[in-house]
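This report concerns only the one structure given below.
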Amino acid sequence: MADLLLDALPETVWEGRKINADFRPMVWLANQYLRGAAEKDPLGFTLGAFQRFYGEEIPAPQSADAFQSMLRFYAGGETATPEARRSTAAGSCDAVAFDYASDAPYIVAAFQQAYGIDLTCEKVHWWRFRALFLGLPEDTLMHKIMHWRTADLTAMSPEERRFYEERRELFALPQGLKGGAPCAVSVAEHDAAFLARFQQR
């Protein structure tokens, strides 16, 4: 992965093509994929992703390379590691920390509260967005929601467990998300699970 402190955030990828490096195309990509768009309409899904990310038509012979380049950008320059693929495939737990579409209001509120960034109107480079999301303070509701969804309840008292179960029900994610990626209990694991699913196709 690129060094956020030392390297300039990229505005071009693959063959020097200019891209829309804002977080919105990548969030759209994740939302569409997790809702089955890649299976329902593969061509429409790919064209929609390219239009948002590249802003231009990609010649059909180059589409595979363009798509892989887009996924590398999604991952901050990396692809999912073999370890991430194995842990995703193993699926030993059902905890899913967040979903960009379902949690959009909480994410917007958290960025405003923690960083003074209004995601409804400001542009934020995807890699910076990911770093800021990863570092959300514990006092933001979004951080609390992710904790409630993924905490291990086995050692909790009955009262604590009841509290967490109530919060999980209140902030439950939609059933049947394709990326209801087992064990995606952090932003990094969510991204690794997302990439691993593409590589399994």
Side-chain angles (χ1 to χ4, degrees), residues 1-34 38 45-46 48-56 58 63-85 87-88 96-138 140 142-143 145-146 150 179 181 183-199:
M1 183 170 182
D3 189 326
L4 293 178
L5 296 177
L6 299 177
D7 301 333
L9 296 177
E11 299 290 336
T12 62
V13 293
W14 171 68
E15 294 186 344
R17 285 185 190 261
K18 192 131 177 68
I19 58 169
N20 179 358
D22 185 47
F23 70 93
R24 290 169 178 85
M26 297 296 97
V27 167
W28 181 90
L29 181 74
N31 285 342
Q32 293 296 306
Y33 182 74
L34 298 184
F45 170 72
T46 303
F50 285 174
Q51 182 181 25
R52 286 167 175 78
F53 185 62
Y54 290 109
E56 63 180 280
I58 301 296
S63 61
D65 289 338
F67 201 85
Q68 288 305 312
S69 181
M70 184 172 61
L71 291 182
R72 282 192 298 276
F73 179 82
Y74 182 98
E78 290 183 319
T79 55
T81 63
E83 293 77 20
R85 282 186 225 115
S87 69
T88 302
V96 180
F98 69 95
D99 170 53
Y100 288 120
S102 302
D103 294 324
Y106 310 122
I107 296 170
V108 168
F111 271 66
Q112 187 72 55
Q113 175 187 337
Y115 311 119
I117 296 173
D118 184 353
L119 292 177
T120 65
C121 60
E122 293 185 43
K123 286 190 172 244
V124 181
H125 192 285
W126 169 241
W127 293 7
R128 181 172 175 241
F129 174 90
R130 290 176 69 217
L132 293 173
F133 193 9
L134 183 63
L136 282 177
E138 292 181 7
T140 60
M142 188 66 230
H143 187 283
I145 290 170
M146 291 191 291
T150 61
C183 303
V185 296
S186 72
V187 176
E189 289 166 341
H190 174 279
D191 289 346
F194 174 80
L195 292 166
R197 289 183 187 280
F198 270 111
Q199 292 166 349

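Worth knowing before you read on, the calculation uses all heavy atoms, side chains too, and leaves out hydrogens, waters and symmetry mates. Remember, predicted model here, so these are calculated numbers, not experimental data.
- Interatomic distance, E11 CD to I19 CD1, rounded to the nearest 0.5 Å: 6.5 Å.
- Listed by chain and residue number, nothing satisfies the side chain to side chain contact (heavy atoms under 4.5 Å, CB included) test with T12 (two or more places apart in sequence, or in another chain).
- The shortest distance between side-chain heavy atoms of M70 and M26 falls below 4.5 Å.
- Ring geometry, W126 versus Y74: the interplanar angle falls from 30° to 60°, so the pair is classed tilted.
- Side-chain contact check for N31 versus D99: some heavy-atom pair is nearer than 4.5 Å.
- Of all heavy-atom pairs between L136 and A114, the closest is CD2-CB, 4.5 Å.
- Here salt bridge (charged side-chain N to carboxylate O under 4.0 Å, His left out) pairs that include residues 22-34, with residues two or more places apart or in two chains, are D22-R24.
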Show your working on side-chain contact (heavy atoms from CB on, under 4.5 Å) between W28 and Y100 and close with a plain yes or no.
CA-CA 9 Å; W28 181 90; Y100 288 120; over 6 Å; no
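- Applying the salt bridge (charged side-chain N to carboxylate O under 4.0 Å, His left out) rule to pairs touching residues 111-120 yields nothing, sequence neighbours excluded.
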Taking it one step at a time, do N20 and K123 satisfy side-chain contact (heavy atoms from CB on, under 4.5 Å)?
CA-CA 10 Å; N20 179 358; K123 286 190 172 244; 4.2 Å; yes
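- Evaluation of the salt bridge (charged side-chain N to carboxylate O under 4.0 Å, His left out) rule for E56 yields R17 as partners, not counting sequence neighbours.
- Aromatic ring orientation, F23 versus F129: parallel (interplanar angle below 30°, classes split at 30° and 60°).
- Separating the CZ atom in R130 from the NE2 atom in H125 is a distance of 11.0 Å, to the nearest 0.5 Å.
- To the nearest 0.5 angstrom, Q32 atom CD is 7.0 Å from R52 atom CZ.
- Shown here are the side chain to side chain contact (heavy atoms under 4.5 Å, CB included) partners of A131, two or more places apart in sequence or in another chain: L4.
- Partners of S63 according to the side-chain hydrogen bond (donor to acceptor under 3.5 Å, both in side chains) rule, which considers only residues two or more places apart in sequence or in another chain, do not exist here.
- The shortest distance between side-chain heavy atoms of L29 and L71 falls below 4.5 Å.
- At least one side-chain heavy atom of S69 sits under 4.5 Å from a side-chain heavy atom of Y54.
- Counting heavy atoms from C-beta outward, M142 and F133 have side chains that approach closer than 4.5 Å.
- Summarising the geometry, atom CD1 belonging to I107 is positioned 12.5 Å from atom CG belonging to L132; distances are rounded to the nearest 0.5 Å.
- A distance below 6.0 Å separates the ring centres of F73 and W127.
- Atom CH2 of W14 sits about 13.0 Å away from atom CZ of F67, to the nearest 0.5 Å.
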Going through the checks in order, is the ring pair (Phe, Tyr, Trp, His ring centres under 6.0 Å) test met by F98 and Y106?
CA-CA 10 Å; F98 69 95; Y106 310 122; over 10 Å; no
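- With rounding to the nearest 0.5 angstrom, the CD atom of E122 is 13.5 Å from the OH atom of Y115.
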